[in-house]
J.: 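Sharing a structure, written as structure tokens. Questions coming.
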Protein chains: 2
Amino acid sequence: MITIYDIAKKANVSAMTVSRVINNNGKISELTRQRVKQVMEELNYVPNSNARSLVLQKTHIISLLITDITNPFYTTLARGAEDTAKRLGYKLLFGNSDENYAKEKDYVDMILSTRVDGVLFAPAGDGSAAHLQQLQKHRIPLVLLDREVPGIQSDTVLGDSKEGARGLVEHLLELGHRRIALINGSEDVSTARQRHIGYKEALKLNDVAYDEELVLHASYRDIQDEAALDRLLQLPEPPTAIFAANNFLAVGAIQGLRAKGLEVPDDMSVVCFDDLGLASALHPFLTVAAQPAYQFGSLGMQWLIDRIEGRAQEEPRKIILPSELIIRSSAASLGVR
Amino acid sequence: MITIYDIAKKANVSAMTVSRVINNNGKISELTRQRVKQVMEELNYVPNSNARSLVLQKTHIISLLITDITNPFYTTLARGAEDTAKRLGYKLLFGNSDENYAKEKDYVDMILSTRVDGVLFAPAGDGSAAHLQQLQKHRIPLVLLDREVPGIQSDTVLGDSKEGARGLVEHLLELGHRRIALINGSEDVSTARQRHIGYKEALKLNDVAYDEELVLHASYRDIQDEAALDRLLQLPEPPTAIFAANNFLAVGAIQGLRAKGLEVPDDMSVVCFDDLGLASALHPFLTVAAQPAYQFGSLGMQWLIDRIEGRAQEEPRKIILPSELIIRSSAASLGVR
DNA sequence: TATGTTAAAGTTATCGATAACATTAACTGC
DNA sequence: GCAGTTAATGTTATCGATAACTTTAACATA
């Protein structure tokens, strides 16, 4: 690899002069600047950012950790983060934890050893606290995305899970449903807890009894317990509608229902959190609480870079972005049946 | 940040001894090993990989560049690449070119300056040749994914675009369609050219005349020319079926048709390349040529690491992975109407 | 006892860049 | 004509790690 010294020798100057040309600082005569630039071109020189980072104590890399790269919510978020990072001169080191604490820990180790300038972190759940403390102990600027973690103070960009959930459930109530099941993510995740609360609140406000049996504890990646859906359906008073806590769970539920010969919304209404990307473009079918995924990423990145560059105040900032209720056709009026 | 010297001082040994403990090489007495390890724990030491990379001339980072992070084909590919990289001890530096040569060039500059060990590259198109040559000039191990680039010799993992296209078009022909439109990606991209050829071959083999007017040149991201679909429909003999060269184009076409009050497959059959992830899980609707996206990533990564670690032969390897025709309901028999 | 061997360390130079300080030469002003 | 200024460039030390070589001390062997 060509180094600054190769350039220096060929251009008959010192390495420092080359460095000055590269960084465009210090005083340099136009003549030598030209000469050095030309040699750099000739030899195809590219600076070694490892060496540079070592002395500058700055990598200009930001790490983005998400929990599911195949989920449109996170890919849209990632694009928001990436666009903003690029615009502000940072590179993205990308990771995908698969909602898995062990994988997540590996990424945190890598993040630390890479000495990234900051981290945008969508945590897998409350169990992420240990890794996050690790990051904070090393004073790495951190912005939490999508999920809070008890015990971790930091800038946070959240969606309004409680209100979103309430909106969805109230929509179902307005359609006449009284037996509404909740297929939730793990209670280990703040959004799942908030959606659970929103669900309860909507029921309470409308004088519908909360029935523990209608609540299914799954994970955001899949329903896991295959038989759980069966149990729901075989309840003495089975649900007439399902509120799925995210897009994957809704799709999983619909597939499960279909396998049993049940159609949505004719036999069961289904609504969920998060839109579905291409799927919704193709079939505007699922009624959802759509979150501004792109903004999660772009705002989070903005905040993070503010902090990295010392433009943020001391105390953590927190924002709760509203979601938008998009009514489509997966939930039908109970009376119409 | 804690360095090896901080550890050394506190443990009363030299930095070299600490390095030996970290890398588990050289001879060390069990006693000092324990002592050093304990101090490392206490101080929360994490090695600085910039410093390490500088002397080892190895980063253990692999760069993955894709063209569209919101496309399920690429996210599935990315997961394949990531899983394999992780398994073999490499980190992923991730980039998203948005089918844009300028963005792509920026990423290549970053890749070079980061001194990554290798690059998995899904090029935006033929115009990527310049950047790719740049990479090759610097002898960075490279595996091309999904698309070939004229003039670039390297390991390549491709899908069988020609055969896949032929299969889709033959399926339409079997359904009785004779006027089949092609909405293609840019001819600047090898897969678009191959799909075009497959389309022509299928027509020729079945004695259907090739009509240039039925071929629409778009980009893989969207149809771009809004009026183009109108022109197709207003042809003296309009198409009865559309072959879209990828999933996004199919969805775009269907949305366009719907805006004009036309339904798929009743008023128009539509088939396309690449499956749609969640969308297909939710509504198994589009008839597609599904590519083994995960394998693109995992095999490509495997090959790349083989090459990085000197296990690959000199001459480039190339594989063409078959796609699978998945017949669903977006294409209907012409007679049935 | 002198020499050789080996385990367990330590020293020094290096990777490629930049900060901080030092030098040179031309020019300014009195 | 000489001190003072300044533009342009050079030298040296440094970032944090490791390779290659060196040293030390304990022990074995003839």
Side-chain angles (χ1 to χ4, degrees), chain A residues 1-37 39-40 43-61 109-117 138-140, chain B residues 1-37 39-40 43-61 109-117 138-140:
Chain A
M1 275 285 179
I2 302 296
T3 74
I4 212 176
Y5 298 98
D6 302 319
I7 310 292
K9 188 185 287 180
K10 187 145 186 200
N12 250 315
V13 292
S14 73
M16 201 55 224
T17 301
V18 179
S19 173
R20 288 189 181 106
V21 172
I22 293 168
N23 297 291
N24 208 24
N25 58 21
K27 319 243 172 198
I28 302 247
S29 75
E30 197 47 37
L31 203 84
T32 43
R33 161 171 279 116
Q34 293 305 335
R35 188 152 37 95
V36 169
K37 282 209 160 173
V39 175
M40 277 169 38
L43 300 187
N44 260 296
Y45 170 75
V46 182
N48 182 325
S49 48
N50 287 116
R52 192 178 230 163
S53 298
L54 192 56
V55 22
L56 295 182
Q57 305 282 34
K58 193 136 183 24
T59 54
H60 276 279
I61 294 179
D109 287 344
M110 152 178 152
I111 283 166
L112 286 170
S113 83
T114 308
R115 300 294 196 267
V116 299
D117 290 348
H138 289 270
R139 327 206 122 280
I140 308 216
Chain B
M1 276 285 178
I2 302 296
T3 74
I4 212 176
Y5 297 98
D6 302 319
I7 309 292
K9 188 185 286 178
K10 188 147 187 200
N12 250 314
V13 293
S14 73
M16 201 54 224
T17 300
V18 178
S19 173
R20 287 189 182 107
V21 171
I22 293 168
N23 296 291
N24 208 23
N25 57 20
K27 318 241 173 200
I28 305 245
S29 75
E30 197 47 36
L31 203 86
T32 43
R33 160 171 283 118
Q34 292 304 336
R35 187 153 36 96
V36 169
K37 281 207 163 176
V39 175
M40 278 169 38
L43 300 187
N44 261 297
Y45 170 75
V46 183
N48 182 324
S49 50
N50 287 117
R52 194 177 228 164
S53 297
L54 192 57
V55 22
L56 294 182
Q57 305 281 32
K58 193 136 183 22
T59 54
H60 277 280
I61 294 178
D109 286 344
M110 151 179 152
I111 283 166
L112 286 170
S113 84
T114 307
R115 301 294 197 264
V116 300
D117 290 348
H138 289 271
R139 325 207 121 281
I140 308 219

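Lettering follows sequence order; numbering is per chain, from 1. The basis for the numbers below is simple: all heavy atoms, side chains too, and nothing from hydrogens, waters or symmetry mates.
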J.: Using whole Å, report how far CD1 of B:Ile22 lies from P of D:dA17.
T.: 7 Å

J.: Would you say A:Thr32 places a side-chain N or O within less than 4.0 Å of OP1 or OP2 belonging to D:dT9?
T.: yes

J.: Please give, in whole Å, the distance from C:dA9 C1' to B:Arg35 CZ?
T.: 11 Å

J.: Using the closest heavy atom to pick a nucleotide of DNA chain D for each, name whichever of A:Val55 or B:Arg20 lands nearer the 5' end.
T.: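 Its nearest nucleotide being more 5', the pick is A:Val55.
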
J.: Take the protein atom CG of B:Asn24 and the nucleotide atom C1' of D:dT18, then report the distance between them rounded to whole Å.
T.: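 One finds 15 Å between C1' of D:dT18 and CG of B:Asn24, rounded.
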
J.: A:Asn12 CG to D:dA8 P: how many Å, rounded?
T.: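 It is 18 Å, rounded to the nearest whole Å.
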
J.: Sort out for me which residue in A:Ile28, A:Thr32, A:Val13, A:Val36 forms a side chain to side chain contact (heavy atoms under 4.5 Å, CB included) with A:Arg20.
T.: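 Single side chain to side chain contact (heavy atoms under 4.5 Å, CB included) partner of A:Arg20 among A:Ile28, A:Thr32, A:Val13, A:Val36: A:Ile28.
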
J.: More 5' along DNA chain C: A:Leu56 or B:Tyr5, using each one's nearest nucleotide?
T.: B:Tyr5

J.: Could you check whether B:Ser14 gets within reach of a base, just the sugar-phosphate, or nothing at all, counting any heavy atom under 4.0 Å?
T.: base

J.: Ignoring hydrogens and angles, tell me if any N or O in the side chain of B:Thr3 forms a donor-acceptor pair with the backbone of B:Tyr5 under 3.5 Å.
T.: yes

J.: Nearest whole angstrom, please: distance from the P of C:dA8 to the CD of B:Glu30.
T.: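 Value for this atom pair: 10 Å.
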
J.: Quick one: is C:dT18 close enough that its OP1 or OP2 comes under 4.0 Å of any side-chain N or O from A:Asn23?
T.: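 Yes, such a contact exists.
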
J.: Where the side chain of A:Asn48 is concerned, which of C:dG10, C:dA19, C:dG16 is the nearest nucleotide?
T.: C:dG16

J.: Send over the distance from A:Lys9 NZ to D:dT9 C1', rounded to a whole Å.
T.: 19 Å

J.: Quick check on DNA chain C: between B:Arg115 and B:Ala15, whose nearest nucleotide comes earlier from the 5' end?
T.: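 Here B:Ala15 is the residue nearer the 5' end.
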
J.: Closer than 4.0 Å, any side-chain N/O of B:Gln57 to the OP1 or OP2 of C:dG16?
T.: yes

J.: Can you see if the side chain of A:Lys27 gets near the phosphate of D:dA7 - specifically, an N or O under 4.0 Å from OP1 or OP2?
T.: yes

J.: Is a donor from one side chain sitting under 3.5 angstrom from an acceptor on the other, for A:Asn50 and B:Arg52?
T.: no

J.: If you only use heavy atoms from C-beta on, which nucleotide in C:dA17, D:dA7, D:dG10 is closest to the side chain of A:Ile4?
T.: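 My answer, after comparing the listed nucleotides, is C:dA17.
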
J.: In whole angstroms, how far is the P atom of D:dA17 from the CE atom of B:Met40?
T.: 10 Å

J.: Hey, is the side chain of A:Thr3 poking within less than 4.0 Å of OP1 or OP2 on C:dC15, counting only N and O atoms?
T.: no

J.: For a 4.5 angstrom cut-off between non-hydrogen side-chain atoms, does B:Asn48 reach B:Met1?
T.: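 No, side chains not in contact.
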
J.: Touch check for A:Val13, heavy atoms < 4.0 angstrom, all strands: base, sugar-phosphate only, or nothing?
T.: sugar-phosphate

J.: OP1 or OP2 of D:dT18 less than 4.0 angstrom from a side-chain nitrogen or oxygen of B:Ser19, does that happen here?
T.: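 For D:dT18, OP1 or OP2 has a side-chain N or O of B:Ser19 closer than 4.0 Å.
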
J.: When you check the phosphate oxygens OP1 and OP2 of D:dA7, does a side-chain N or O of A:Ser29 lie under 4.0 Å from one of them?
T.: no

J.: Has the side chain of A:Arg115 got a donor or acceptor atom that lies under 3.5 Å from a matching backbone atom of B:Pro47?
T.: yes

J.: Taking the side chain from B:Ser49 and the backbone from A:Ser113, do they hold a donor-acceptor pair closer than 3.5 Å?
T.: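 Such a contact is found between B:Ser49 side chain and A:Ser113 backbone.
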
J.: To the nearest Å, how far apart are B:Ile2 CD1 and D:dA17 C1'?
T.: 15 Å

J.: Look at B:Arg52 and D:dG16 and indicate whether a side-chain polar atom (N or O) is within less than 4.0 Å of OP1 or OP2.
T.: no

